[in-house]
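Presented below is the structure to which this report refers.
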Amino acid sequence: MTAIHTELVGTGRPVFAILPGLFGRGRNWSGVAAALADQGYPSVLFDLPNHGRSGWTETFSYPDLADLVAGELELRLGSAARLILVGHSLGGKVAMLAALRHPHLVSALGVVDIAPAVSDQVAGFASLVEAMRSLDLNGLESRTQADRLLAARVPDDASRGLLLQNLRRRGGWHWQLNLDLLGSSLAQIADWPDPGPLSYPGPTRWLTGERSAYCRPEHLPLMRRLFPAVEQVVIPGAGHWVHADNPDAVIDALLGLAELSRA
């Protein structure tokens with residue numbers, strides 16, 4: 001099985017498991033996780049396969065990723081594995097499928113700014129892939145130089161920072177993520193596999209950014225079919241990166257989800 005890197009934030013048995021989005025890693029959610037831990041809810045942060053310190057796969061498949069996450073939860077927590085599963089963007093699709101395919105592992109579900117539909121916005125990541133590929137790693141002298149060189153293609157500081165967190169120097173500079181696979185799989189990443197008649201009945205919160213185009217009103221009927229107990233929570237002032245744009249609102253929404261899971 002592909003090795004998955006996880007990190008516990010807080011002490012004791014985790015209550016939340018958090019899956020980040022494309023090009024992200026668990027530590028992107030460390031601030032939110034620390035705030036949840038302060039309220040008595042430890043979290044386990046995942047680096048999804050092909051990202052961060054997790055292993056790589058030969059192909060991209062949402063059902064396979066969902067099953068890998070479920071297998072990791074059972075491996076780490078045994079027969080008592082039952083957590084609030086939270087996923088953002090790509091991680092949100094993995095989380096939805098994991099809840100649908102392995103509901104016994106999921107006490108509640110948090111879907112963060114993604115819908116069970118084709119996400120056309122993912123096509124925009126092609127320019128980020130090309131920017132990373134354009135960087136001459138053999139001639140690179142420092143991360144500061146990499147930031148300067150990438151700025152011509154990726155002027156947005158936040159987006160560039162997301163990419164640069166994947167740049168590592170060990171025996172020479174390299175991208176820690178599986179750039180070839182992810183770059184060639186953007187169409188599959190944008191897609192949503194038909195889960196058939198499955199549904200997840202547990203408490204579900206759909207956190208959507210007020211300024212994000214990833215989630216639209218026409219997505220709500222399918223969310224309600226797949227997740228009958230779904231409640232939409234619009235995060236004020238947030239775009240797609242809701243946990244960075246308005247972390248306090250995201251934390252409040254997840255704390256409320258924790259209360260629902262205990263009811």
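Computed from a predicted structure; not experimentally measured.
- Although no hydrogens or angles enter the test, the distance criterion places no donor-acceptor pair under 3.5 Å between the side chain of Ser119 and the main chain of Val122.
- Taking 4.5 Å as the limit, some side-chain heavy atom of Ile189 sits within range of a side-chain heavy atom of Phe60.
- Side-chain contact between Val242 and Ser212 is absent, with no heavy-atom pair separated by less than 4.5 Å.
- Here the CG atom belonging to Asn166 is positioned 7.0 Å from the CZ atom belonging to Arg168, to the nearest 0.5 angstrom.
- Note that CZ of Phe16 and CH2 of Trp29 are 10.5 Å apart. Values are rounded to the nearest 0.5 Å.
- Remark: aromatic rings of His51 and His5 are distant, center separation not under 6.0 Å.
- One side chain, Asn50 or Thr57, offers a donor N or O that lies under 3.5 Å from an acceptor on the other.
- Using bins of under 30°, 30° to 60° and over 60° for the plane-to-plane angle, the ring pair His88/His240 lands in the tilted bin.
- Leu179 has its side chain within reach of Val129: a pair of non-hydrogen atoms, C-beta onward, lies under 4.5 Å apart.
- The main-chain N or O of Ala131 is found under 3.5 Å from a side-chain atom of Ser134 such that the two form a donor-acceptor pair.
- Here the side chain of Tyr62 pairs no donor or acceptor atom with the backbone of Lys93 at under 3.5 angstrom.
- Here the CG-CD1 distance, from Leu65 to Ile4, works out to 8.0 Å after rounding to the nearest 0.5 Å.
- In this structure, Pro195 and Leu97 have side chains that are in contact, with non-hydrogen atoms separated by less than 4.5 Å.
- Here the side chain of Glu74 pairs no donor or acceptor atom with the backbone of Leu105 at under 3.5 angstrom.
- Using a 3.5 Å distance cut-off with no hydrogens or angles, the side chains of Glu210 and Asn246 do not pair a donor with an acceptor.
- The main-chain N or O of Val230 is never found under 3.5 Å from a side-chain atom of Arg224 such that the two would form a donor-acceptor pair.
- Contact of the Leu48 side chain with the Arg25 side chain is not registered, since no non-hydrogen atoms from C-beta on lie closer than 4.5 Å.
- Proximity of Thr2 to Trp56: side-chain heavy atoms (C-beta onward) are nowhere separated by under 4.5 Å.
- The main-chain N or O of Thr208 is never found under 3.5 Å from a side-chain atom of Tyr214 such that the two would form a donor-acceptor pair.
- Leu73 has its side chain within reach of Leu83: a pair of non-hydrogen atoms, C-beta onward, lies under 4.5 Å apart.
- The shortest side-chain heavy-atom distance between Arg205 and Leu109 does not fall under the 4.5 Å cut-off.
- Rounding to the nearest 0.5 angstrom, the gap separating the CZ atom in Arg148 from the CG atom in Leu150 is 11.0 Å.
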